[in-house]
Chemist: 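If you scroll down you'll find the structure; I have some questions about it.
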Amino acid sequence: MDRNLYSRLAAFFPADAPGTRFAELGEGRTYSYGDVEEVSARFANALLALGVRPGDRVAAQVEKSIEAVMLYLGTVRAGAAFLPLNTAYTPAEIDYFLADAEPAIFVCDPARAATLRPVAESKGARLETLGVWRSPQLSAGSLADRALSASPRFATVPRGDDDLAAILYTSGTTGRSKGAMLTHDNLASNALALRDIWRFTDKDVLLHALPIFHTHGLFTAINTLMAAGGQLIFLPRFSVDEVIAALPRATSMMGVPTFYTRLLADARLSRERVAHMRLFISGSAPLTAATHEAFAARTGHAILERYGMTETSMNTSNPYEGERRAGTVGFAIPGVELRIADPQTGEEKTQGEIGVIEVKGRNVFKGYWRMPEKTAAEFRNGFFVTGDLGLIDQDGYVHIVGRAKDLIISGGLNIYPKEIEAALDSLPGVAESAVIGVPDADFGEAVIALVVPENGLRPQPERLAAALRERLAGFKQPKRIVLVKELPRNAMGKVEKARLRASFAEALHVDQAGE
Ligand code: AMP
C-alpha cells in the first residue's frame, strides 16, 4: 500500500480542486488545490527528467515562495528526500551540507548560482535555480521553467512508512550539524494528529509568516493545513504590518514567541482585529507567561503553546479545550509517549522532579544521517533523549526548564537558567534576560545574567541583584549582571546561548563586557 506522505495528505484535499483555495499569495494571486496537484506533478516530472531517483536527496537553499513549497511536494512525490537549508547559510556551510548529504540536485536562487555552482559541482550535485512560475523572463533555464514544459500529471511514487521523506539539519550550535532523517510516516502521522487536536478543517485560513526551511513552517504549518484541506495566507516573512492587515481574514496563526511580542508592541492589535480568529499557536522557543497574559488581556485569546523539535516534529500541546496553562507546553499529543528521566542513569523521575525529557512514538525520526553512533547515543530504552530538561506538574502539564547543555553546574550544584531568568523578567525595568554559565576557577562555572532593559529605562544591576537576593538561594545569584541592548536570536526566535557563552566567557574579568 502506498504510504507516501503526499498521497496521505492529498487524500484530504477538497474534492472540487480547481475551485478551492490552497493559498492566498498577495497581490491578488491565489493558488488552488488543483494547482498544487498540477504544479507538484510538473516538478516531480522535471526532477525525474534530471535523473532524480527514489531515495535520492534534493537540497534547496531558496527564499520562501510557493514554488519552494511545490519543489518540496514534487520531491516527495518523486520518492526523493527533501533537504531544505537555511537561507542564511554561507557557501562554506553549504559546502559542508552538500558533502554530507550528497544530494543529486541542489536548488538555489539565481542570485547565488554563480557562487554556489562550483560548490555543488565539487560535491557531485547538479545545480539548478528555482525560478518563478510562469515568469519566463525571470526563469529561463530554471527548474520552474523545466516544470512548466513537463507533464501536469504524475503518479506519486509509492513509498513505505519507513522511507525517507526529508532530511532536516539541526541548527548545531555546538559541533557538527546533524541531518535528522524524517520518514513518510513520521511526518504524516504528526500532521494528522495535529489537525485533529487543533481542530483544523477546510474552513481554516492559516496565517503563515514562518520560514519554510524549518520544521515549524514547513511541516507543522503546511502539512497540518493540507491534511485539513484548509487555506494559507502565505506571507514571504513576518512583518507586523502585513500580519496586522491579514488577521481579519485569518482563522488561525502559528508563530514563534517573537511574533507575539512584536504584535503586542503594536497598538493596532485589538480584540476587534482578531474577531475572526479561533486559534493562536506558539512554539520553537519558550513563550513567557507575561506574553501569554498580555496577549490574553489584549485580544481575549489564550495562546496555545506546544513543544516539538526537528527530530520529532510535535511532542506536546496545551489542550484545545480546557486550560492552556501559561509557561507550560501541555500534554503529550496522541501517539506520543513522554517521560522524564535522570540524565545520567535514565531512571524515570517522579512527578515534579526535573530530568531530561524522553519521547517515543511514530513522530520520532529514524536517526541522524550517516551517524549511527550519534543516533545510538541519543536513544535509550526505545526513547529518544531530547536534551530538553523538564518536569511534569501535579496536573500532568509538561514544563520545560531549558536545554541540558545550558544547565549551569556551579560548585557542584545544578542551576536552571530559566528560574533566574523568570525572576529577572518579573522585575521593573527588565524587558527580558538570558542567564548563562561561564568558566570560573573556583566553582567550575559561574552564573552571569544578561539583561535587556525595557524601552528607555536603565535598571541598575545592583538593584536587580538585591531584588534577586530576596527571591533566590545564594548559589543561584549571578556573579555579574550585564545590561545589553538585545539578545542574539536565530531565525526561529531562540536565544543563542552558545554565542552568549562565547562572548561573555571573560565577563568576570573585564569591566564593561557587552555594553
Ligand atoms: P528545533 O529543532 O530547531 O525545532 O529546536 C527544538 C528545540 O526548541 C527543542 O528541543 C526545545 O529546546 C525548543 N523548543 C521548542 N518548542 C518550545 C517551547 N514551546 N518551549 C520551550 N522550548 C521549546
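By convention here, the first residue in the shown sequence is residue 1. Remember, it's 1-based here, ligands and their atoms both numbered in the order they're listed.
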Chemist: Tell me if the centroids of the rings in Phe384 and Phe365 come within less than 6.0 Å of each other.
Modeler: yes
Chemist: Report yes or no: does Tyr368 contribute a side-chain atom to a donor-acceptor pair with the main-chain N or O of Tyr169 at less than 3.5 Å?
Modeler: no
Chemist: Between Phe12 and Phe200 (judged by ring centroids, cut-off 6.0 Å), do the two rings come close enough to count as a pair?
Modeler: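 Between Phe200 and Phe12, which both carry aromatic rings, the centre distance is not below 6.0 Å.
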Chemist: Here's one to test your reading of the geometry: is the NZ or CZ of Arg339 within 45 degrees of the ring axis of Phe383 and under 6.0 Å from its centre?
Modeler: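 Yes, a cation-pi geometry.
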Chemist: Check the pair Arg403 / Asp388 against salt bridge (charged side-chain N to carboxylate O under 4.0 Å, His left out), numbers first and verdict last.
Modeler: CA-CA 4 Å; Arg403 293 288 297 166; Asp388 289 311; 2.9 Å; yes
Chemist: Compare every heavy atom of Asn318 with every heavy atom of Leu304, then report the nearest pair and how far apart it is.
Modeler: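 It is CD1-O, 3.6 Å.
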Chemist: Are any protein N/O atoms closer than 3.5 Å to the N/O atoms of ligand 1? If there are, list each pair with names and the distance to one decimal place.
Modeler:
{"from": "ligand 1", "atom 1": "2 (O)", "to": "Thr310", "atom 2": "N", "distance (Å)": "2.9"}
{"from": "ligand 1", "atom 1": "2 (O)", "to": "Thr310", "atom 2": "OG1", "distance (Å)": "2.6"}
{"from": "ligand 1", "atom 1": "3 (O)", "to": "His214", "atom 2": "NE2", "distance (Å)": "2.9"}
{"from": "ligand 1", "atom 1": "3 (O)", "to": "Lys494", "atom 2": "NZ", "distance (Å)": "3.4"}
{"from": "ligand 1", "atom 1": "4 (O)", "to": "His214", "atom 2": "NE2", "distance (Å)": "3.2"}
{"from": "ligand 1", "atom 1": "5 (O)", "to": "Lys494", "atom 2": "NZ", "distance (Å)": "2.9"}
{"from": "ligand 1", "atom 1": "8 (O)", "to": "Lys494", "atom 2": "NZ", "distance (Å)": "3.0"}
{"from": "ligand 1", "atom 1": "10 (O)", "to": "Asp388", "atom 2": "OD1", "distance (Å)": "3.3"}
{"from": "ligand 1", "atom 1": "10 (O)", "to": "Asp388", "atom 2": "OD2", "distance (Å)": "2.6"}
{"from": "ligand 1", "atom 1": "10 (O)", "to": "Arg403", "atom 2": "NH1", "distance (Å)": "3.0"}
{"from": "ligand 1", "atom 1": "12 (O)", "to": "Asp388", "atom 2": "OD1", "distance (Å)": "2.6"}
{"from": "ligand 1", "atom 1": "16 (N)", "to": "Ser284", "atom 2": "N", "distance (Å)": "3.2"}
{"from": "ligand 1", "atom 1": "19 (N)", "to": "Glu305", "atom 2": "OE2", "distance (Å)": "2.9"}
{"from": "ligand 1", "atom 1": "19 (N)", "to": "Arg306", "atom 2": "O", "distance (Å)": "2.8"}
{"from": "ligand 1", "atom 1": "20 (N)", "to": "Glu305", "atom 2": "OE2", "distance (Å)": "3.4"}

